Colleague: 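Starting off with a structure, shown below.
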Number of protein chains: 2
Amino acid sequence: MGIENGKIRIKDVAKKAGVSTGTVDRVLHNRGEVKEETRKKVIDIIREMGYTPNLIAKSLASKKLYRFAVIIPDANNYTPYWEKPLQGVLKAAEEIKDFNSIVDVHKFKGSDENSFRKVYAEVLKCNPDGVVFNPKHKKASLDFVKLMDEERIPYVYLDVDLASGNNIAFFGQNARQSGQAAARLISNIIPNGSEILIAKLAGKKLVSHHITLREKGFIDFFKNSNNCDCKFKSIDIDLSINTEPSLSLKKIFGEHHNIKAVFVPNSRVYRVAAFLKENNLQRTICLGYDLIQPNVEYLNLGVIDFLIGQKPEDQGFNSIMALFNHLVLQKKVNKLNYSQIDIIIKENIAYYNL
Amino acid sequence: MGIENGKIRIKDVAKKAGVSTGTVDRVLHNRGEVKEETRKKVIDIIREMGYTPNLIAKSLASKKLYRFAVIIPDANNYTPYWEKPLQGVLKAAEEIKDFNSIVDVHKFKGSDENSFRKVYAEVLKCNPDGVVFNPKHKKASLDFVKLMDEERIPYVYLDVDLASGNNIAFFGQNARQSGQAAARLISNIIPNGSEILIAKLAGKKLVSHHITLREKGFIDFFKNSNNCDCKFKSIDIDLSINTEPSLSLKKIFGEHHNIKAVFVPNSRVYRVAAFLKENNLQRTICLGYDLIQPNVEYLNLGVIDFLIGQKPEDQGFNSIMALFNHLVLQKKVNKLNYSQIDIIIKENIAYYNL
DNA sequence: AAAAAAGTCGTGTGCGCACACGCAAATATA
DNA sequence: TATATTTGCGTGTGCGCACACGACTTTTTT
């Protein structure tokens with residue numbers, strides 16, 4: 001190391017400037033107590049020698065402990081999905097822990113806005129240096145964001161893009177575009193004039209913005225494509241009713257005999273797959289979202305034909321790293337970060353589902 | 001920091017073991033000069049307290065400079081592909097440079113075994129601490145590997161798996177499986193009884209093992225699938241003849257009128273796409289490999305229907321990180337690392353081609 | 001003019017670890 | 001028994017940086 005290796009240290013700058021390391025340090029951190037004249041000189045020499053701080057040493061010497069808070073829905077039987085971003089978050093936590101940075105994970109009940117409000121109040125009390133959160137509850141999230149802006153706490157959106165606020169970054173999928181990709185895959189396969197079922201399965205009647213966008217992209221693709229005149233049948237299925245989704249699906253398939261494909265714009269596609277299998281409808285093309293366990297099983301059985309993936313682990317990981325880069329390393333981070341739209345079939349799933 | 005923050009330091013271990021930090025250090029580095037009895041005790045306490053070294057401090061204190069060498073084919077007009085792994089390598093280099101680690105990139109002429117031999121001789125002279133290389137030339141690579149084994153230099157295979165040698169890791173695609181994925185995509189679309197053209201375009205008559213495996217996977221899929229009786233026509237096209245590939249393709253399409261799909265098991269698919277476009281054969285399903293620029297263009301034009309990607313940037317990046325993890329962080333690294341088999345269509349390419 | 005305050009700047013210490021050095025006890029050699 | 005040699009271990013220093021402390025100079029106040 002040292003200057004002979006091309007690495008300029010504070011010491012080298014100080015020597016050349018004819019001052020002490022302390023003075024250079026004060027200049028570097030804008031901590032004042034330096035005569036303007038010497039400050040200028042030091043700055044010049046810093047530039048001239050191309051000094052860049054050694055991040056390793058910087059981190060070791062710094063007593064500042066960075067605390068990052070993560071607020072995401074609790075993974076449960078209905079939404080095992082959120083385990084994946086969590087994995088990524090924890091991996092990031094491991095990776096930055098030697099840089100005086102720790103990550104606290106807070107979970108809220110996905111469907112419950114008040115639960116979210118309660119959690120963010122807790123988080124604010126901890127005075128975090130940065131926050132990653134899932135702004136699925138728009139109103140509450142806007143309130144949260146306002147508070148963080150006041151306290152100048154930087155924050156990152158995960159999975160959903162609030163589209164307003166001073167977030168330093170967003171990580172998630174371009175929902176509309178993913179619907180278009182899904183449409184292309186299906187339109188490749190089914191004959192002209194087929195019917196397509198769009199099945200929106202939700203915990204309650206809550207169909208999220210996300211899902212709407214996916215559907216929109218899906219339908220738009222067919223609209224804009226000249227050689228494909230398929231008919232759509234879009235239905236909402238309330239999974240909190242325990243005869244569902246069987247009830248609704250039976251009815252639909254009974255009434256429409258030309259349904260060649262089912263598009264499920266969220267991760268509950270395995271519920272539809274179960275129905276298809278039980279009723280010997282495996283030849284119906286079935287496409288849904290996310291590589292959660294039951295979906296993967298039906299894909300391997302050949303009941304689900306395609307899954308759209310979005311690397312939720314990476315999203316979780318990158319969210320934390322965005323905060324870290326912004327605050328600790330003071331690197332620039334991209335604001336809009338769309339994940340890949342992964343197309344998963346039986347033959348390539350082994351290399352995604354790690 | 002310190003123990004009150006849950007961070008166990010050498011000092012803490014030493015105190016609890018009733019020895020000095022020096023002794024703990026000797027135990028940690030297996031540097032001997034410790035009585036077996038105390039060694040045991042220290043080891044136990046390390047485990048008990050869950051000590052993990054602070055990588056930051058470790059790196060700062062270490063005077064050792066790690067040099068990694070990378071040996072890959074030179075990217076040129078025929079194989080722009082190799083720019084991608086290089087990008088990943090350079091990104092990794094940037095990321096580890098504060099950890100006393102530097103990366104030297106050496107290029108050889110892809111088609112020339114002697115060029116490869118010359119380069120590896122140079123590399124060995126530099127006494128690298130680790131090597132990442134592309135063992136496309138089997139014989140020469142085996143010789144190289146032998147020399148490295150003698151010098152106990154760890155090495156990583158990139159893109160091609162030599163299947164012998166003491167490599168610490170391999171990064172690349174499962175070629176056979178990627179052929180299967182390709183087959184599924186095509187078989188979904190084309191009607192039963194169609195003909196499928198398999199066009200192997202190569203610089204000379206050199207068809208690599210890679211390509212053979214992709215073809216094998218492709219054909220096997222159809223064999224094992226019961227409801228698909230397609231006919232295959234497999235041809236080799238020598239691109240060093242400058243009337244190719246037009247000449248061969250014209251002939252084939254003239255003789256076979258039921259070709260519904262073309263499978264090109266490497267990145268030269270854009271040459272076929274150009275032919276299809278010129279001859280108004282866009283309706284033929286066209287599938288090939290790798291997201292190089294001309295391929296991407298034809299995908300966006302709708303001439304190429306699918307591309308199979310393999311994240312070569314990640315492969316390059318991960319190869320270096322494997323060496324780094326192995327040598328510097330002394331973490332375990334997986335030996336066999338198959339990349340994802342990315343399925344790329346017009347609608348999702350924007351999120352892959354960065 | 002003396003005392004207080006403010007403005008500048010150098011020095012020293014510690015972050016957690018690696019490693020050189022050297023001391024003391026145990027063992028070997030004479 | 002005296003003298004080498006080995007074995008086992010503690011101490012000290014430095015990696016590049018952040019920051020506290022104190023010293024010295026200049027300016028302000030009384």
Side-chain angles (χ1 to χ4, degrees), chain A residues 1-42 46 49-66 97-101 328-330, chain B residues 1-43 46 49-66 97-101 327-330:
Chain A
M1 301 310 82
I3 197 170
E4 68 279 3
N5 277 310
K7 253 314 192 185
I8 314 294
R9 300 154 299 178
I10 285 186
K11 197 198 288 186
D12 304 315
V13 174
K15 197 168 168 189
K16 189 148 189 177
V19 297
S20 73
T21 61
T23 300
V24 177
D25 182 73
R26 276 182 285 267
V27 171
L28 281 171
H29 296 83
N30 291 314
R31 243 187 291 112
E33 306 192 17
V34 180
K35 209 199 293 181
E36 184 54 24
E37 188 187 325
T38 49
R39 202 186 72 88
K40 279 252 168 63
K41 186 158 80 182
V42 170
I46 284 174
M49 301 181 78
Y51 168 82
T52 56
N54 179 322
L55 298 179
I56 299 298
K58 186 171 186 154
S59 172
L60 185 63
S62 169
K63 277 121 170 52
K64 164 105 184 105
L65 178 69
Y66 288 90
K97 74 158 197 265
D98 281 335
F99 285 86
N100 297 336
S101 305
V328 183
L329 305 188
Q330 296 175 20
Chain B
M1 303 315 82
I3 197 170
E4 68 280 2
N5 277 309
K7 251 316 197 183
I8 313 295
R9 299 153 300 178
I10 284 186
K11 197 198 289 187
D12 304 313
V13 173
K15 196 167 168 190
K16 187 148 190 177
V19 296
S20 75
T21 61
T23 300
V24 177
D25 182 74
R26 275 181 287 265
V27 170
L28 282 170
H29 295 83
N30 291 314
R31 244 189 289 112
E33 306 192 16
V34 181
K35 210 200 292 182
E36 183 54 25
E37 189 187 324
T38 47
R39 203 185 73 88
K40 279 251 167 63
K41 187 158 79 183
V42 170
I43 292 241
I46 285 174
M49 301 181 78
Y51 167 81
T52 55
N54 180 322
L55 301 179
I56 299 300
K58 186 170 185 153
S59 171
L60 185 62
S62 169
K63 279 121 169 49
K64 165 108 185 103
L65 178 69
Y66 288 91
K97 73 158 198 269
D98 277 336
F99 287 86
N100 297 338
S101 305
L327 281 172
V328 182
L329 306 188
Q330 295 176 22

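Because the structure is predicted, anything quoted here is derived from the model rather than measured. These numbers come from the heavy atoms of this one structure, side chains and all, not from hydrogens, waters or symmetry mates. All chains are named by letter (A, B, ...) in the order of the sequence lines, taking the proteins before the strands, and each is independently numbered beginning at 1.
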Colleague: Rounded off to whole Å, could you give me the CG-to-C1' distance for the Asp25(A) and dT8(C) pair?
Modeller: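 Rounded to the whole Å, the gap is 15 Å.
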Colleague: Establish whether the base of dG10(D) is bridged to the side chain of Arg26(B) by a donor-acceptor pair shorter than 3.5 Å.
Modeller: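 In this structure, the two groups form a donor-acceptor pair.
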Colleague: Rounded off to whole Å, could you give me the NZ-to-C1' distance for the Lys15(B) and dG16(C) pair?
Modeller: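 Computing the Lys15(B):NZ to dG16(C):C1' distance gives 16 Å.
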Colleague: Distance-only check: which donor-acceptor pairs under 3.5 Å involve side-chain atoms of residues 26-35 of chain B, not counting sequence neighbours?
Modeller:
from	atom 1	to	atom 2	distance (Å)
His29(B)	ND1	Asp25(B)	O	2.9
His29(B)	ND1	Asp25(B)	OD1	3.4
Arg31(B)	NH2	Asp25(B)	OD2	2.5

Colleague: Starting from the 5' end of DNA chain D, give me the residue, Glu36(B) or Leu28(A), whose nearest nucleotide shows up first.
Modeller: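 Comparing both residues, the 5'-ward one is Glu36(B).
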Colleague: Please compare Arg39(A) and Arg31(B) by the position of their nearest nucleotide in DNA chain C and report the one closer to 5'.
Modeller: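 Result of the comparison: Arg39(A).
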Colleague: Choosing from dG16(D), dT11(D), dG10(C), which nucleotide comes nearest the side chain of Ala61(A)?
Modeller: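 Shortest atom-to-atom distance from the side chain points to dG16(D).
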Colleague: Choosing from dG8(D), dT11(C), dC15(D), which nucleotide comes nearest the side chain of Thr21(A)?
Modeller: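 Closest of the options to the side chain of Thr21(A): dT11(C).
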Colleague: Rounding to a whole Å, what distance do you find between Tyr66(B):OH and dA18(C):P?
Modeller: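 From Tyr66(B) OH to dA18(C) P: 10 Å.
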Colleague: I need the CG-C1' distance between Asn54(B) and dG14(C), as an integer number of Å.
Modeller: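 Rounded to the whole Å, the gap is 14 Å.
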Colleague: Take the C1' atoms of the five end pairs on each side of the helix from dA1(C)-dT30(D) to dA30(C)-dT1(D), get both axes, and report the angle to 10 degrees.
Modeller: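 Rounded value for the end-axis angle: 50°.
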Colleague: Does the distance from a Lys or Arg side-chain N to an Asp or Glu carboxylate O, for Lys40(B) and Glu36(B), drop under 4.0 Å?
Modeller: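 Glu36(B) and Lys40(B): salt-bridged.
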Colleague: Round to the nearest Å and state the distance from Leu55(A) atom CG to dC15(C) atom P.
Modeller: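 Whole-Å distance recorded here is 21 Å.
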Colleague: Could you tabulate the donor-acceptor pairs under 3.5 Å formed by side-chain atoms of residues 51-58 of chain B, not counting sequence neighbours?
Modeller:
from	atom 1	to	atom 2	distance (Å)
Asn54(B)	OD1	Ile56(B)	N	2.8
Asn54(B)	OD1	Ala57(B)	N	3.1

Colleague: How many whole angstroms separate atom OH of Tyr51(B) from atom C1' of dA18(C)?
Modeller: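 Interatomic distance, OH of Tyr51(B) to C1' of dA18(C): 10 Å.
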Colleague: Nearest 0.5 Å please: distance from the CG atom of Asn100(B) over to the CG atom of Leu60(B).
Modeller: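 Nearest 0.5 Å value for the CG-CG distance: 8.0 Å.
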Colleague: In whole angstroms, how far is the P atom of dA18(D) from the CD1 atom of Ile10(A)?
Modeller: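 My rounded result for the distance is 5 Å.
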Colleague: What pair of heavy atoms forms the shortest contact from Leu65(B) to Ser101(B), and how long is it?
Modeller: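 Reported closest heavy-atom pair: CD1-N, 4.3 Å.
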Colleague: Quick test of your reading of the model: are Asp12(B) and Lys15(B) salt-bridged, counting only N-O distances below 4.0 Å?
Modeller: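 Result for this pair is no, no salt bridge flagged.
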Colleague: Nearest heavy atom decides the nucleotide; on that basis, is Lys11(A) or Glu33(A) closer to the 5' end of DNA chain D?
Modeller: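 Nearest-nucleotide comparison on DNA chain D picks Lys11(A).
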Colleague: If you find the nucleotide of DNA chain C closest to Gly22(B) and the one closest to Lys35(A), which residue's nucleotide is nearer the 5' end?
Modeller: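 First, find each residue's nearest nucleotide; the 5'-ward one identifies Lys35(A).
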Colleague: Quick one: label Thr38(B) by what it contacts on the DNA or RNA (base, sugar-phosphate, nothing), any heavy atom closer than 4.0 Å.
Modeller: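 Sugar-phosphate contact only.
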Colleague: Should we say atom NZ of Lys97(A) is surrounded by more than 12 heavy atoms from elsewhere, each under 6.0 Å from it?
Modeller: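 More than 12 heavy atoms, drawn from other residues, nucleotides or ligands, come within 6.0 Å of this atom.
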Colleague: Among the nucleotides dG10(D), dT8(C), dG10(C), which one has an atom lying closest to any side-chain atom of Ser20(A)?
Modeller: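 Among dG10(D), dT8(C), dG10(C), the one nearest the side chain of Ser20(A) is dG10(C).
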Colleague: Taking OP1 and OP2 of dC17(C), is either one under 4.0 Å from a side-chain nitrogen or oxygen of Ser59(B)?
Modeller: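 So the side chain of Ser59(B) is outside the cut-off, no N or O lying under 4.0 Å from OP1 or OP2 of dC17(C).
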Colleague: Without decimals, in angstroms, what is the distance between Phe99(A) CZ and dG16(C) P?
Modeller: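 After rounding, the gap between these two atoms is 15 Å.
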